[in-house]
Amino acid sequence: MGLKRLLREVLGDDVRYVPSSFDIVGSRSGAIAILEFPPETPERVKRIVAEALMKLHKNVRLVLAKKSGRRGVYRLREYEVIAGEGGTEVLHKEHGVLLKVDPTRVYFSPREATERLRVASQVRPGEFVMVMFAGVGPYALMIAKKQPEVKRVIAIEINPDAYRYMVENIRLNKAEGKVVPVLGDVRYEAPRWYGMCDRVVMPLPKGAHEFLDQAFQCLKPEGGVIHFYHWAPEEELYCEAYYLLEREARLRRAHIRVLDARVVSEYAPRVYKVCVDVLVRPADP
Ligand SMILES: C[S@@+](CC[C@H](N)C(=O)[O-])C[C@H]1O[C@@H](n2cnc3c(N)ncnc32)[C@H](O)[C@@H]1O
């Protein structure tokens with residue numbers, strides 16, 4: 001039964017504050033629930049919701065409420081504890097990949113598991129892949145899991161906490177040697193792999209376009225695939241993403257062919273995170 005239905009009687013009119021969805025990060029052995037309440041929600045209601053949620057999901061030992069939007073280069077937000085106890089570090093499992101993560105110190109969204117699986121499923125044996133903006137390693141590790149014959153996955157992350165978790169997650173998933181973690185700014189680290197990649201994944205909707213020059217230059221001379229993430233309003237879902245990709249291709253004397261374009265998630269009302277997959281080839285001389 002959903003939370004709203006469960007609490008309708010207890011909360012009466014206040015049931016309008018109960019979020020219709022929430023995230024659970026963690027596993028059977030311990031998880032954190034993350035909720036977003038309307039700003040005017042009374043503290044009493046938050047507590048009742050959190051306690052009901054912990055009864056419904058016995059593995060949830062801590063309930064957090066979002067206190068801000070995502071901010072800064074690391075894409076973090078503030079949280080308040082509304083029920084439960086214990087630390088904020090948990091072990092999460094998605095499609096067989098183990099991810100140790102502290103959602104208060106690093107970016108992590110369990111909602112994007114299907115998208116990661118979609119990208120990982122396209123990787124072919126022998127590919128050399130770069131994951132920019134790698135976080136705690138969910139894309140890189142999903143790729144290594146789903147395509148064990150991948151040659152290498154370079155995973156670049158700027159947040160030292162996320163990098164530390166990524167290193168641990170590589171060990172947990174026995175992906176040492178396959179996934180290469182790199183701590184630093186894509187702008188300065190990516191040039192080490194110019195001309196070497198078959199595929200570049202760019203999961204930073206806020207600002208990936210500023211790194212398209214790096215992505216194009218990392219591809220092999222014969223080209224490759226770019227998975228480009230971007231935010232877009234409902235009325236023009238892919239226009240800007242296509243324009244940015246086309247513009248970079250022209251600058252690099254390359255052709256692009258759109259392989260796929262899809263909505264990944266809703267970021268804000270009527271604003272979506274989209275992904276455009278393109279095949280890049282050198283333009284004919
Ligand atoms: C939207 S999160 C995605 C993280 C991860 N790929 C995932 O799916 O969970 C973007 C990540 O990029 C990192 N980041 C932002 N700017 C960066 C840069 N210039 N170089 C490397 N990493 C960067 C942030 O710290 C954050 O962890």
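Positions are given from 1, in the same order as the sequence printed here. Counting starts at 1 for both ligands and their atoms, following the listed order.
Below 3.5 Å of separation, one finds no N or O of Phe108 facing any N or O of ligand 1. Backbone and side-chain nitrogen or oxygen atoms of Arg116 are examined, and one is located within less than 3.5 angstrom of a nitrogen or oxygen of ligand 1. Some N or O of Ile158 is nearer than 3.5 Å to an N or O of ligand 1, by distance alone. An N or O contact shorter than 3.5 Å is missing between Arg75 and ligand 1 by distance.
One finds no salt bridge joining Asp277 and Arg199 here, because no Lys/Arg side-chain nitrogen approaches an Asp/Glu carboxylate oxygen to under 4.0 Å. With respect to the salt-bridge test (charged N to carboxylate O, under 4.0 angstrom), the residues Asp102 and Arg164 do not qualify. Using a 4.0 Å cut-off between a side-chain N of Lys or Arg and a carboxylate O of Asp or Glu, Lys67 and Glu80 do not qualify as a salt bridge. By the 4.0 Å N-to-carboxylate-O rule, Arg105 lies too far from Glu89 to be salt-bridged with it.
Within the structure, the closest approach of Ala162 to ligand 1 does not fall below 4.0 Å when heavy atoms are considered. Using a non-hydrogen distance threshold of 4.0 Å, Phe211 registers as a contact of ligand 1. For Arg187, the closest heavy-atom approach to ligand 1 does not fall below 4.0 Å. Ligand 1 lies less than 4.0 angstrom from a heavy atom belonging to Gly184.
The neighbour count for Arg192 CZ, taken as heavy atoms of other residues, nucleotides or ligands under 6.0 Å away, is above 12. No more than 12 heavy atoms of other residues, nucleotides or ligands lie within 6.0 Å of CZ in Arg257, so this atom counts as exposed by the packing criterion. Shown here is Glu149, whose CD atom has no more than 12 heavy atoms of other residues, nucleotides or ligands within 6.0 Å. More than 12 non-hydrogen atoms from other residues, nucleotides or ligands lie less than 6.0 angstrom from CD of Glu222. Other residues, nucleotides and ligands place no more than 12 heavy atoms under 6.0 Å from the CD atom of Glu9.
Atoms of ligand 1 lying under 4.0 Å from at least one heavy atom of Pro203, given by number and element, are 1 (C), 3 (C), 6 (N), 10 (C). Atom numbering of ligand 1 starts at 1 in the shown order; those under 4.0 Å from a heavy atom of Val186 are 18 (C), 19 (N), 20 (N), 21 (C). Close approach of ligand 1 to Asn159 is summarised as follows: ligand atoms under 4.0 Å from at least one heavy atom of the residue are 25 (O). Of all atoms in ligand 1, numbered sequentially from 1 with element shown, those under 4.0 Å from a heavy atom of Gly135 are 4 (C), 5 (C), 27 (O). Near Tyr139, meaning under 4.0 Å from any of its heavy atoms, are these atoms of ligand 1: 6 (N), 8 (O).
Looking from atom 4 (C) of ligand 1 to the surrounding protein, the closest heavy atom is Phe133 O, 3.5 Å. In terms of protein heavy-atom proximity, atom 13 (C) of ligand 1 is closest to Glu157 OE1, 3.3 Å. Considering only non-hydrogen protein atoms, atom 15 (C) of ligand 1 sits nearest to Val73 O, 3.2 Å. The protein non-hydrogen atom at the shortest distance from atom 9 (O) of ligand 1 is Pro138 CG, 3.4 Å.
Residues Val180 and Val153 have side chains not in contact (no heavy-atom distance under 4.5 Å, counting atoms from C-beta outward).
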Quick one, Ser121 with Met142, criterion side chain to side chain contact (heavy atoms under 4.5 Å, CB included). Give me CA distance, side-chain angles, the key distance, then yes/no. CA-CA 9 Å; Ser121 307; Met142 186 82 85; over 6 Å; no

Verdict with supporting geometry, Phe211 and Phe133, ring pair (Phe, Tyr, Trp, His ring centres under 6.0 Å): CA-CA 10 Å; Phe211 298 85; Phe133 325 113; 5.1 Å; yes

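Under 4.0 angstrom from ligand 1, the non-hydrogen atoms of Ala134 all belong to its backbone.
Looking at Asp185, Asp161, Leu204, it is Asp185 that brings a heavy atom closest to atom 19 (N) of ligand 1.
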